[in-house]
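The block underneath contains the structure these notes are about, expressed in structure tokens.
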Protein chains: 2
Amino acid sequence: MSSAPQPFPTPQEPSDAPRLLELGPAPEEPCLRADAARNRARLLEAAARLIAEHGVAGVTMEAVASAAKVGKGTVFRRFGDRTGLLMALLDHSGRQLQADFLGGPPPLGPGAPPLERLRAFGIAVLYRSAEQLELQLAAQPEACRRFSHPATQALRTHVTMLLRQIVPDADCELLAQTLLASLDPALIHHLTRQRHMPMARLESAWVDLVARVTRTRPPV
Amino acid sequence: MSSAPQPFPTPQEPSDAPRLLELGPAPEEPCLRADAARNRARLLEAAARLIAEHGVAGVTMEAVASAAKVGKGTVFRRFGDRTGLLMALLDHSGRQLQADFLGGPPPLGPGAPPLERLRAFGIAVLYRSAEQLELQLAAQPEACRRFSHPATQALRTHVTMLLRQIVPDADCELLAQTLLASLDPALIHHLTRQRHMPMARLESAWVDLVARVTRTRPPV
DNA sequence: AACTTAAACGGACCTTGGTCCGGATCGTAA
DNA sequence: TTACGATCCGGACCAAGGTCCGTTTAAGTT
């Protein structure tokens, strides 16, 4: 039933990935046949050019393929799917950031106290994301629709209101957004199904989070 | 340029939405032609049946249309797109939850102190989401891939490590997940582009969030 | 250099989301 | 009841993502 010869045994970018955790120049695909590596590069370059010229919407798999003078199948074998291609494009700046906080200068890199590093980290991510919004969103089609859905808005309003009563002097709207983000269905799925955390843990994490977030400022 | 007669002037579920903010039975579409309302109901029913029989993957727009004995175009006019249809299916339980925390009994509904209501709220959302994961995810295709992306994992590992040094006795993994969720590109896009918040506000919200989350417990 | 094999290639093909528009229906007003 | 305009319906049509498989080729092996 599963012994059929899968046409594309490499639906995902296979390598150049796990090593990232330990900090990775991880140049590119290490063990690719010469032609494969060449085509991979051409595809990425073609995709980048297409984005520059016609925006992310212009990045059609066929367009990329023909711009790189390559068959369509090749694109899919190399990157799995459209999202995979987009993520590969994003990878470069991802690696950059990673290098910065793993080995760069403080306060992002090691050397500064943890709290300061954490602050710097968030701000770095914030601005980096802001730059490549178009690409980031294209890789997550309609990820932002959930925020404008009326039901979601209702939840946000409710949480904001509760927060206002508890910590009136905070930016309750954004705090609410954060709290809700931690209840995102996709996140719950990831945590329970892929990382096998029991619901009880999520539940107590929520309670703890609420406690931390609503704790009034201690006397300095 | 934009005066061309749009074929589907109602790309999104037009009504039965804004009222949600004030609590809404908002029965269904109020002003639909009789046949339209009938078809809408048949489509929702057909979709639900298809899900029950073949899982969410079996919910093809054509399948739903023919199961409801209706043309394909009708499905799109009514629900805009596939996601719209799925969201409409989700809407029911969304309304239920909303009714609960807006007018239901404490601790979810009014009557309990805000802090308790907030706790109960999160737990309610948590379990409700857990039930309809399949549907929720189908409405947000590949929303969960971002969590397993190696770059994301690296960020998570890093933040977790920093947190361990600051608040060793917390569930740092989940706390990290929450912090990262507040930096999600889609969220940033929503906040800056759709709700027009300046980056500076996000930035200071991040700093504040970090401060709150890492604050050590006051002496009770 | 000839041989072998696993891997890569290309592009026809399939599926499915989404669009268009001529014709059927509903609701209403005379 | 009839007429009429707004709304809706249906299903052919299109584009783009994704799959398949026969053919080609890189890279060892003898």
Side-chain angles (χ1 to χ4, degrees), chain A residues 4-15 29-43 46-47 50 54-87 138-142 145, chain B residues 4-15 29-43 46-47 50 54-87 138-142 145:
Chain A
Q6 316 145 272
F8 294 150
T10 332
Q12 276 297 80
E13 189 91 323
S15 54
E29 297 276 349
C31 44
L32 271 189
R33 239 171 60 170
D35 50 353
R38 176 177 46 82
N39 283 339
R40 185 187 137 88
R42 287 192 9 201
L43 283 169
L50 282 182
H54 310 111
V56 180
V59 180
T60 285
M61 297 308 259
E62 277 186 13
V64 174
S66 77
K69 307 254 184 65
V70 143
K72 194 178 175 182
T74 302
V75 191
F76 282 94
R77 183 170 333 88
R78 197 55 38 202
F79 298 103
D81 57 12
R82 198 183 119 103
T83 300
L85 173 59
L86 271 341
M87 301 234 277
Q140 311 265 321
E142 58 190 316
R145 263 178 68 172
Chain B
Q6 316 145 274
F8 294 151
T10 331
Q12 276 296 79
E13 189 91 324
S15 53
E29 296 277 348
C31 44
L32 271 188
R33 235 173 64 172
D35 50 352
R38 176 177 47 82
N39 283 339
R40 183 192 198 286
R42 284 189 17 195
L43 283 169
L50 281 182
H54 310 110
V56 180
V59 181
T60 285
M61 297 309 258
E62 278 186 11
V64 174
S66 76
K69 307 255 184 65
V70 145
K72 193 179 175 182
T74 302
V75 191
F76 282 93
R77 184 172 333 91
R78 198 57 35 202
F79 299 102
D81 58 11
R82 198 182 119 104
T83 300
L85 174 59
L86 270 341
M87 300 235 276
Q140 311 266 318
E142 58 190 315
R145 264 178 67 173

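Per chain, numbering begins at 1; letters A, B, ... match sequence-line order.
In this structure, CE of Met61(B) is placed 16 Å from C1' of dC20(C), rounded to the nearest angstrom. If you measure from atom CZ of Phe79(A) to atom P of dT19(D), you get 16 Å, rounded to the nearest angstrom. For the pair Arg40(B) CZ and dT7(D) P, the computed distance is 18 Å after rounding to whole Å. One can place CZ of Phe76(B) at 16 Å from C1' of dC8(D), the figure rounded to the nearest angstrom. Taking atom CG of Leu85(A) as the reference point, atom C1' of dA16(D) lies 14 Å away to the nearest angstrom. Here the P atom of nucleotide dT16(C) and the CG atom of Asp81(B) are 17 Å apart, to the nearest Å. Distance Leu43(B) CG to dC8(D) C1': 13 Å, rounded to the nearest Å.
Contact between the side-chain N/O atoms of Asn39(A) and the OP1/OP2 oxygens of dC9(C) is found at a separation under 4.0 Å. Under 4.0 angstrom from either OP1 or OP2 of dG17(C) there lies at least one side-chain N or O belonging to Arg82(B). For dG10(C), the OP1/OP2 oxygens have a side-chain nitrogen or oxygen of Thr74(A) closer than 4.0 Å. Considering only side-chain N and O atoms, Arg77(A) lies nowhere under 4.0 angstrom from the phosphate OP1 or OP2 of dG10(C).
Nearest heavy-atom pair across Arg78(B) and Leu32(B) is NH1-CD2, 2.8 Å. Contact between Ala63(A) and Gly58(A) at its shortest, heavy atoms only, is CB-O, 4.0 Å. Closest heavy-atom contact between Glu142(A) and Thr83(B): OE1-OG1, 3.0 Å. When all heavy atoms of Leu43(B) and Ala68(B) are compared, the closest pair comes out as CD2-CB, 3.6 Å.
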Protein-to-nucleotide contact annotation, 5' to 3' order, nucleotides 24-30 of chain D [B base; S sugar-phosphate only; - none; under 4.0 Å, heavy atom]: -BSS---
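The line from CZ of Arg42(A) to CG of Asn39(A) is 5.5 Å long, rounded to the nearest 0.5 Å. Put simply, CZ on Arg40(A) and CZ on Arg77(A) are 14.0 Å apart, with the number rounded to the nearest 0.5 Å.
The terminal axes of the helix from dA1(C)-dT30(D) to dA30(C)-dT1(D), fitted over 5 pairs per end, subtend an angle of 0° to the nearest 10°.
Only one option out of Thr74(A), Val70(A), Leu50(A) pairs with Val64(A) in a side chain to side chain contact (heavy atoms under 4.5 Å, CB included); it is Leu50(A).
Within the 4.5 Å cutoff, no side-chain heavy atoms of Arg82(A) are placed close to those of Leu85(A). In this structure, Met87(B) and Phe79(B) have side chains that are not in contact, with every pair of non-hydrogen atoms separated by 4.5 Å or more.
For Lys72(B), the listed nucleotide lying nearest its side chain is dG17(C); candidates were dG17(C), dG17(D), dG10(D). Looking at the side chain of Arg78(A), the nearest of the listed nucleotides dT19(D), dA8(C), dG17(C) is dA8(C).
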